[in-house]
Amino acid sequence: STLDRSSAASDVYKRQLIVNFYENVGNVRVIVTSSTGEVIYNEMVQTSTMPSLVIPLKDQEKGVLQITDGYNNVYGFLFL
């Protein structure tokens, strides 16, 4: 499967970003950056063995979630 908008969903709960992968899209990199461009989270995830991911957001008010397989990119904007 290729990475597209229907491959994953995210939600914010108690200052944690929860990312769920609905299908195996292989290895993807998950990056969260703050509104100032600081990288808060940057990890490679194997979606076949890790279908969900919880990322602490600390004191972030705004930011960007990026999920990429190296060819395709999915972005989400965070407003807390």
Side-chain angles (χ1 to χ4, degrees):
S1 293
T2 40
L3 180 65
D4 62 25
R5 295 184 72 119
S6 65
S7 302
S10 62
D11 192 16
V12 176
Y13 179 73
K14 293 187 177 181
R15 295 246 175 238
Q16 295 180 325
L17 176 64
I18 302 164
V19 180
N20 293 301
F21 295 99
Y22 295 126
E23 56 187 76
N24 177 9
V25 290
N27 290 330
V28 296
R29 182 160 297 279
V30 177
I31 304 165
V32 177
T33 54
S34 70
S35 59
T36 61
E38 175 190 0
V39 176
I40 299 165
Y41 186 87
N42 184 349
E43 292 292 330
M44 185 67 75
V45 176
Q46 174 50 263
T47 60
S48 66
T49 59
M50 187 180 275
S52 116
L53 182 63
V54 177
I55 303 168
L57 295 177
K58 302 176 189 167
D59 297 327
Q60 301 306 311
E61 297 291 328
K62 298 179 185 175
V64 176
L65 166 67
Q66 176 186 4
I67 302 172
T68 182
D69 62 3
Y71 301 101
N72 304 293
N73 293 285
V74 176
Y75 292 94
F77 297 96
L78 309 172
F79 299 96
L80 307 176

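Legend: residues meeting side chain to side chain donor-acceptor pair (under 3.5 Å) with Ser48, ordered by chain and number and at least two apart, are Gln46. Every residue two or more places apart in sequence or in another chain that forms a side chain to side chain contact (heavy atoms under 4.5 Å, CB included) with Phe79 is listed here: Lys62, Phe77.
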Would Thr68 and Val28 count as a side-chain contact (heavy atoms from CB on, under 4.5 Å) here? Give the steps. CA-CA 5 Å; Thr68 182; Val28 296; over 6 Å; no
For Val45 and Val19, what are the C-alpha separation, side-chain angles and deciding distance, and is it a side-chain contact (heavy atoms from CB on, under 4.5 Å)? CA-CA 11 Å; Val45 176; Val19 180; over 6 Å; no
List the steps and the verdict of side-chain contact (heavy atoms from CB on, under 4.5 Å) for Ile18 and Leu53. CA-CA 6 Å; Ile18 302 164; Leu53 182 63; over 6 Å; no
Trace of the side-chain contact (heavy atoms from CB on, under 4.5 Å) decision for Ile55 with Val30: CA-CA 10 Å; Ile55 303 168; Val30 177; 3.9 Å; yes
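Residues Asn72 and Ile67 fail the side-chain proximity criterion, which asks for heavy atoms closer than 4.5 Å. Looking at heavy atoms from C-beta onward, Leu17 lies in side-chain contact with Leu78 at the 4.5 angstrom threshold.
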Could you tabulate the donor-acceptor pairs under 3.5 Å formed by side-chain atoms of residues 35-43, not counting sequence neighbours?
unit_1	atom_1	unit_2	atom_2	d
Thr36	OG1	Ser34	OG	2.9
Asn42	OD1	Arg29	NH1	2.7

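Considering CG of Asn27 and CG of Asp69, their distance stands at 9.5 Å, rounded to 0.5 Å.
Linking Ile, Leu, Val, Met, Phe, Trp and Tyr whenever their side-chain heavy atoms come within less than 4.5 Å leaves Ile31 and Tyr75 in two separate clusters.
Between Thr47 and Val25, the closest heavy-atom pair is OG1-N, 2.8 Å.
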